[in-house]
Amino acid sequence: MEKDADGFYTPKTEPPALPAAPTAPPATVVKPEDEPEAKPSPEASTSDNTELIKSTFEVTVTLADQQADPKSPLFSAKTFEELGLHQDLLKGLYDLGFSKPSKIQERALPLLLANPPQNMIGQSQSGTGKTAAFVLTMLSRIDFSKNKTQALCLAPSRELARQIMSVVVAMGKFTPVQTEYAIRDNLPKGATRITAHVVVGTPGKMIDLLKKKIIDPSEVKVFVLDEADNMLDQDGLGEQTLRVKNLLPRASPVQIILFSATFPDHVRMFASKFAPSANKIELQKEELSVDGIRQFYMDCRNEDHKYDILVSLYQLLTIGQSIIFCQHRHTADRISQRMTAEGHKVASLHGAKDAAERDSIIDNFREGREKVLITTNVIARGIDILQVNMVVNYDLPLMNERSNAEDARPDIETYIHRIGRTGRFGRKGISINFVHDKRTWLQMEEIEKVLGKKIIRIETNDLDEMEEKMRKALK
Ligand SMILES: Nc1ncnc2c1ncn2[C@@H]1O[C@H](COP(=O)(O)OP(=O)(O)OP(=O)(O)O)[C@@H](O)[C@H]1O
């Protein structure tokens, strides 16, 4: 391989196709015995996808309009060439079909790539391309001549870590980047050393690998937290994330990059301490949710009625793909078992399932083999599946997940992330909240007030009207 002036190598062999698994483990993991490689995900089924293909086609047309509209979060005055990216990364971007940067990419990349490296706290609406901004930074900072871990990226779920990895592999397709996961049940048993340039994972497993010295952090130059407000929240993953940071080298500064669509006030201060002197890109409160997502609610009589309404929506849920969010795992399981028994095809995903099962459920959904996914907050953040055009909040998200207390407050950030699973990168989407009593109605009203966007009522007893409203919203 030839190395050019910027320290990049040009690979001779054709890089792997998407959907991507990490690059070949033998080069990145020293393992004592031969173990079978992880199988790549099966190919997407091509049957039964006409609606999906149609909606993708319609989207391309409106996307060009939006990227030319200075008020859109997808607008950019610049090209990717002007952002100072290496030729091999530009090739990767064009290979993915990216033609113009989005606003967050245009604003963040020049700051992220400047030398000496500076920390960044970046906020931009769901589905506006934050992943590319931090992935391109990681790939730009790696010296590929060294077989040493140089970039670490943490995400709150294994599903998101796997998705980020597929972006690293796709954008790094024309570089010799080596990658490895730090997620549960992924490394071969007895692995003693990871030398991959980029390691993506969840905090618990990352700590484990650092502590066991399987990952050597001495050459880490970039540390990324995706969904950073969640990763730093002391009620959530904050403590684990801090432990990872404390295991990083202190001698040479590590560039710390925090990205999210939300940074609630109580996390902002900690974020500034975690990433000192960071460049900041922030959103105003009224900009938090994406305009392409039309928000509705349905007045249900009680819990049982919520189930009946969901079933009556089934046809609409399967026009594209849909995600149904519940507060508890057992609700997700209960609804999906009941719907399955009644002849509807649905899948359920939550944190109590084992790793292999989780991977296969999300891969099936990603590839369109399942159209309705019933789940919990485990995939509320980051998951990017363009064909998802409907999100149902079967239960509204609450501040204390275990709480059913009368005064339980809505979790506005989680709401923003949940509905953000649709309406990705300029696409249209629908979200529907089920409310069934005064308490849930008040919770929804609070969400409406904070976000400053109208949540429109849909009648539960007029299926035709419901369908018409929804089809209109998706046009
Ligand atoms: N410049 C671009 N041109 C075309 N498509 C893009 C561009 N940037 C990103 N995308 C696509 O937009 C979608 C959303 O991007 P991404 O998942 O990075 O959003 P995000 O801002 O991280 O959202 P979230 O807050 O939900 O995590 C992805 O499918 C990605 O491939």
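Every heavy atom of this structure was used, including side-chain atoms; hydrogens, water molecules and symmetry mates were not. Whatever order the structure lists ligands and atoms in, that order sets their numbers, starting from 1. Nothing fancy with the numbering, it's 1 onward along the sequence.
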Check each heavy atom of Gln125 against ligand 1 and say whether those closer than 4.0 Å belong to the side chain, the backbone, both or neither. backbone

Electrostatic pair Glu282:Lys280 at N-O distance under 4.0 angstrom: no

A student checking ligand 1 against Leu386 at a 4.0 Å heavy-atom cut-off should list atoms 29 (O)

Would you mind telling me if ligand 1 is within reach of the side chain of Leu93, the backbone, both or neither, using heavy atoms under 4.0 Å? neither

Looking at Thr131, which atoms of ligand 1 are within less than 4.0 Å of one of its heavy atoms? 16 (P), 17 (O), 18 (O), 22 (O)

Other residues, nucleotides and ligands only: do more than 12 of their heavy atoms fall within 6.0 Å of CD on Glu445? yes

Output the list of atoms in ligand 1 that are nearer than 4.0 Å to some heavy atom of Ser126, sorted by atom number. 23 (O), 24 (P), 25 (O), 26 (O)

Interfacing atoms of ligand 1 (cut-off 4.0 Å, heavy-atom, Glu227): 27 (O)

Side chain Asn393, main chain Asn433, donor-acceptor under 3.5 Å: no

Does ligand 1 have an atom under 4.0 Å from some heavy atom of Arg381? no

Out of Lys130, Glu106, Arg424, who is nearest to atom 26 (O) of ligand 1 when you count heavy atoms only? Arg424

Has Gly127 got any heavy atom lying under 4.0 angstrom from an atom of ligand 1? yes

Salt bridge present between Arg381 and Asp229 (N-O < 4.0 angstrom): yes

Give the single entry among Phe425, Phe98, Phe80 that approaches atom 31 (O) of ligand 1 most closely by any heavy atom. Phe98

I'd like to know if Asp95 and Lys173 make a salt bridge, using a cut-off of under 4.0 Å between side-chain N and carboxylate O. yes

Any heavy atom of Arg421 closer to ligand 1 than 4.0 angstrom? yes

Scan Val388, Ile361, Ile383, Leu373 and name whichever one has a side chain to side chain contact (heavy atoms under 4.5 Å, CB included) with Arg366. Ile383

Taking the basic N atoms (NZ, or NE/NH1/NH2) and the acidic carboxylate oxygens, is any pair closer than 4.0 Å for Arg421 and Asp384? no

Quick check on Glu81: does its CD atom have over 12 non-hydrogen neighbours (other residues, nucleotides or ligands) under 6.0 Å away? yes

When you look for heavy atoms under 4.0 Å from ligand 1, do you find them on the side chain of Thr128, its backbone, both, or neither? both

With heavy atoms only and a cut-off of under 4.0 Å, state how Lys100 meets ligand 1: side chain, backbone, both or neither. backbone

Among Gly129, Ser260, Ala155, which one puts a heavy atom closest to atom 19 (O) of ligand 1? Gly129

Answer yes when Asp395 and Lys306 have at least one side-chain N-carboxylate O distance shorter than 4.0 Å, and no when they do not. yes

